[in-house]
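Have a look at the structure below before the remarks.
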Amino acid sequence: MRLSQYFFSTLKEVPKDAEIASHQLMLRAGFIQQLSSGIYSYLPLGLKVLQKFQEILRQELNSAGAIEVLFPSVIPEELWQESERWDAYGDQLLKMTDRLGRQYCFGPTHEEVVTEMAKQFIHSYKQLPLNVYQIQTKFRDELRPRFGLMRGREFCMKDAYSFHDSESSLDETYQVMKTAYYNIFESCGLEVQAVEADSGDIGGSESAEFMITAETGEDAIMKCSESGHAVNVEAAKTMPFKANEFRDQVSIEHVSTPSMKRIEEVVNGLNCSSSDLLKSLLVEVDNELVLVLIRGDHELNELKLKKQLNAFSINFVNDDDVFNTIGTVPGYVGPYQLSECRIVADHSLDPTYPYIVGGNQPDTHLRNVQLKYDVTVESYLDLRNASAGELTPWGGVYEEVRGIEVGHIFKLGTKYSESMKASFMNKEGRPSPFIMGCYGIGVGRTVAAAIEQNSDDKGMVWPKSLSPFDIQLICVNPKKEILTNACDSLYTNLKNTGLDILYDDRLDSPGKKFQDADLIGIPLQVIVGKSFEKSSEIEVKFRSSGDRLSLPYDRCVETIKELFDGC
RNA sequence: CGGGGUGUAGCGCAGCCUGGUUAGCGCACCUGUUUUGGGAACAGGGGGUCGCAAGUUCGAAUCUUGCCACCCCGACCA
């Protein structure tokens, strides 16, 4: 492609709304254009990278035995009513109405549609297992879209769904897909980490996230220093408190703590450590009040709480009336002599440690409250976030890394097939719901993550598998016929070897062309200029290392091809 | 949804506080001449309903009110 004929433009200045490298660079290099919050156009270079990745996806998934389909992006309400997600999915579901008043949503994911497909076409265990995938535009009305393609509202996603007649068959495909995922990210030259995760609202038993490690990642990953085992912070288990010996009971003291509502304020006011305090959190669990006890320096994990209590919904209480009816004061809630609700405690609490707790009356805390003697704790459960430095269940300590979630695989089980009554005839001749798995990869997000992991102050640095072109050919001065002739025939010859060439034949100054080339980040630059006039040599520059070498013009095509292959 | 910020040419910004020529600057763009190894120089030029609407005023980019869009932080940690 001759750059002078291409649709392409770069910006010298960083658009003010872009915060992270990938977003800034994609805007500056003319890869994308924002049309609305979280909604982007893919410009030619951006689209090429996206398509490169999509081809890698197709190749790996096809060889893993998955079959490509394409579902509609607009889905009728009825399907989502069947799975009971029409209301449950929440505000992120973009709903619309047609001219007859029928309701639709723009698909944020396609479990319903694929299940409907299986329901109609798969009648027998003999047709199983089946694994289908699509590469589709999705829409999720994110609470807060940000970082360009990293968290858009409209985005491109690869989603695969598998159907099975047994758990073991699901296991098999799950493993095959896991391997395929490693291959996919590896062939993009990305460092990826599979992380044990909570399956969230999609449901199901087992799930793993694929994280690209990057400082700007939105997710926290806890990694075991010994086993290397990695877990999303949402799912990282903490170790229960181990009692060496019980302390004796000590007497409770009232302390006056005016305007000390927050942990920090109590720590300063009473000159103690935050681990001496108990946080007492009033939580509405399925319409029942529960008091949750967490150590002052720890964080509650709502997902764990929800799971441990087998709850459907969890809401923090912020209504003064509620505090009044159970006789507590916001900011001074405590477990001592609180009989109005259930009390659960985090399992890392020490039952005989003399904690400082809220006094259930204004401006008062209590010292020396020992859970074992003073409080009726219903149960001790794993309720909090693990933090860096503490013990893991695998004999090491947690280390915290930041990551970008680029893929997620789930064992769904029969959640959708049961609610949507999708079944097949099993070997025993009885109807049986499909056992399902689902497997997603964020296409745009992976591309953005690839930039986060591979860029420098000059611009992007593409691995050749994702690069929009293979080689950037630069004619330093197109006004000199000798250079233009040399470039033109080099362009043709390189193209004939099957390489995809971006030929910068613009009349601009050399500086601009070099800067643009570095910004776009194509792995190899071939420069025809001074040294060609002097000694018939062309220059090759490697974008990633900055290394340069000179080659004689005659028969340089072969060498360039080899250099590219070796990239 | 709550809090904060921004909105002036394609991009980045000044002007607004203290209302008063024809609304300015840099980059980008167009024409010409020169230039071509790290974002060229000179000369000339085009491009704006100052986010939208109402109000105050003789007069509004500037003051007031409402709305909209975009960005950031937060979304319950008592």
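Residue numbers start from 1 in every chain, and the chains themselves are labelled A, B, ... in the order their sequence lines are given, proteins ahead of strands. Note that this is a predicted model, so its numbers are computed, not measured.
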How many angstroms lie between atom NZ of A/Lys48 and atom OG of A/Ser467, to the nearest 0.5 angstrom?
8.5 Å

Quick check, are the ring centers of A/Tyr6 and A/Phe8 under 6.0 angstrom apart?
no

Is it true that A/Tyr503 and A/Asp488 share a donor-acceptor pair across their side chains at a distance under 3.5 Å?
yes

Does A/Glu13 form a salt bridge (Lys or Arg N to Asp or Glu O under 4.0 Å) with A/Arg28? I'd like the steps, not just the answer.
CA-CA 7 Å; A/Glu13 280 169 296; A/Arg28 278 188 55 207; over 6 Å; no

Partner of B/A53 by Watson-Crick or G-U wobble geometry, both contacts under 3.5 Å, or none?
B/U65

What integer number of Å spans the C1' atoms of B/A28 and B/U22?
24 Å

Testing the 3.5 Å rule here: is there a donor-acceptor pair between the side chains of A/Ser275 and A/Tyr353?
no

Could you tell me if the ring centre of A/Tyr332 sits under 6.0 Å from that of A/His365?
yes

Base-pairing mate for B/U22 - Watson-Crick or G-U, with both contacts under 3.5 Å:
none

Indicate whether the side chain of A/Glu452 and that of A/Ser22 have a donor and an acceptor atom separated by less than 3.5 Å.
yes

Side-chain atoms of A/Pro15 come closest, of B/C77, B/G12, B/C72, to B/G12

Within residues 484-493 of chain A, those residues having any heavy atom closer than 4.0 Å to RNA chain B are none

Where along residues 363-377 of chain A does a heavy atom fall under 4.0 Å from RNA chain B?
none

Show me the side-chain donor-acceptor pairs of residues 34-47 of chain A shorter than 3.5 Å, one per line, residues at least two apart or across chains.
unit_1	atom_1	unit_2	atom_2	d
A/Gln34	NE2	A/Ser36	O	3.0
A/Tyr40	OH	A/His23	NE2	3.4

Distance between the C1' atoms of B/G32 and B/G46, in whole angstroms?
15 Å

Donor-acceptor pairs under 3.5 Å, side chain of residues 470-479 of chain A to any protein atom, not counting sequence neighbours: which ones?
unit_1	atom_1	unit_2	atom_2	d
A/Asp470	OD2	A/Asp500	N	2.8
A/Asn477	OD1	A/Lys479	N	3.0

Which of the following nucleotides, B/G12, B/C72, B/C70, is nearest to the side chain of A/Asp17?
B/C70

Quick one: what's the B/S/- string for nucleotides 34-43 of chain B, heavy-atom cutoff under 4.0 Å, read 5' to 3'?
-BBBBBS---

Residue matched to B/A14 through Watson-Crick or wobble contacts both under 3.5 angstrom:
none

Are A/Thr364 and A/His254 close enough that a side-chain donor and a side-chain acceptor fall under 3.5 Å?
no

Using atom P in both nucleotides, what's the gap between B/G51 and B/U34 to the nearest angstrom?
43 Å

Let's test this: given Watson-Crick or G-U wobble pairing with both distances under 3.5 Å, identify the partner of B/C70.
B/G5

Which is true for A/Leu143 with a 4.0 Å heavy-atom rule: it touches a base, it touches only sugar-phosphate, or it touches nothing?
base

Mind checking who B/C29 pairs with, Watson-Crick or G-U wobble, both distances under 3.5 Å?
B/G45

Apply salt bridge (Lys or Arg N to Asp or Glu O under 4.0 Å) to A/Glu405 and list each qualifying residue two or more places apart in sequence or on a separate chain.
none

